[in-house]
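Scroll down for the structure; my scribbles are underneath it.
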Amino acid sequence: MKSEPDEASIDDLATRGTLPWTGVRNYQARNFMRDVMRLGDGVLFYHSSCPEPGIAGLAEVSSAPYPDPTQFDPKSDYYDKASKQEAPRWSLVDVKFVRKTPLIALPALREYDALADMVVLRRGNRLSITPVTPAEWRFITEKLMK
DNA sequence: GCCAACGTTGGC
DNA sequence: GCCAACGTTGGC
């Protein structure tokens with residue numbers, strides 16, 4: 001899951017313990033949270049749009065999906081006037097801090113053959129939430145985060 | 001700031 | 001339904 005550290009960094013998550021993953025306004029990314037993720041699923045916390053993009057820590061899905069409250073808040077940057085209370089358009093999950101890791105910077109991620117097909121690394125990928133295969137998860141957590 | 005690679009919008 | 005124009009993401 002990508003986050004701009006200016007908005008929510010791994011340190012912010014460590015301080016808060018849990019964060020609602022607000023602000024996703026892309027249907028594919030929403031579908032991952034709403035339809036694919038399960039309570040307890042592992043999360044690679046990725047810092048994007050910053051001086052050193054890369055994986056900065058581990059987290060965990062800590063809620064079932066529920067409507068993103070910011071879509072109904074006219075004062076929010078994420079307000080969606082077309083979304084109705086009775087048919088919310090945007091869902092999210094809560095994400096719980098697990099631990100910080102040494103930063104695995106984007107150029108380093110690109111060097112590993114085992115990660116060659118990782119969705120987040122694909123050319124032109126802009127999705128803020130992408131799936132990680134079990135093999136990719138094992139490779140990153142076991143080999144790189146000892 | 002640039003630009004590739006999308007996704008969304010809206011006219012038709 | 002098509003597609004051009006526009007907006008966004010995100011690395012560099």
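Letters A, B, ... mirror the listed sequences (proteins, then strands); counts begin at 1. The analysis underlying the following values was restricted to heavy atoms, covering all of them including side chains, and did not include hydrogens, waters or symmetry mates.
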(request) Please assess F45(A) against W21(A) for the test ring-ring contact (aromatic ring centres under 6.0 Å, His included), listing each intermediate value before the final yes or no. (result) CA-CA 12 Å; F45(A) 195 103; W21(A) 208 261; 5.7 Å; yes
Between [atom2] on [N] and [atom1] on [X], what's the gap in Å once rounded to a whole number?
X: R30(A); N: dG7(B); atom1: CZ; atom2: P; answer: 14 Å
X: Q28(A); N: dG7(B); atom1: CD; atom2: C1'; answer: 9 Å
X: D6(A); N: dT9(C); atom1: CG; atom2: P; answer: 14 Å
X: R126(A); N: dG10(C); atom1: CZ; atom2: C1'; answer: 9 Å
X: M118(A); N: dG11(C); atom1: CE; atom2: P; answer: 13 Å
X: E52(A); N: dC12(C); atom1: CD; atom2: C1'; answer: 14 Å
X: R89(A); N: dG7(B); atom1: CZ; atom2: C1'; answer: 14 Å
X: H47(A); N: dG10(C); atom1: NE2; atom2: C1'; answer: 15 Å

(message) If you take the centroid of each ring, where Trp contributes its six-membered ring, are Y27(A) and W90(A) closer together than 6.0 Å?
(response) yes
(message) If you only use heavy atoms from C-beta on, which nucleotide in dT8(B), dG11(C), dG7(B) is closest to the side chain of L106(A)?
(response)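 Of the options given, the side chain of L106(A) lies nearest dG11(C).
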(message) Taking Q28(A)'s backbone N and O only, do any of them form a donor-acceptor pair with N31(A)'s side chain (distance below 3.5 Å, no angle check)?
(response)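 Checked: no pair found.
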(message) Quick check on dG10(C): is either OP1 or OP2 less than 4.0 Å from any side-chain nitrogen or oxygen of K2(A)?
(response)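 Yes.
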(request) Considering just the side-chain nitrogens and oxygens of Y46(A), establish if one lies under 4.0 Å of OP1 or OP2 belonging to dG11(C). (result)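 The answer is yes; a side-chain N or O of Y46(A) sits under 4.0 Å from OP1 or OP2.
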(message) If the threshold is 4.0 Å, N to carboxylate O, is there a salt bridge linking D68(A) and R30(A)?
(response) no
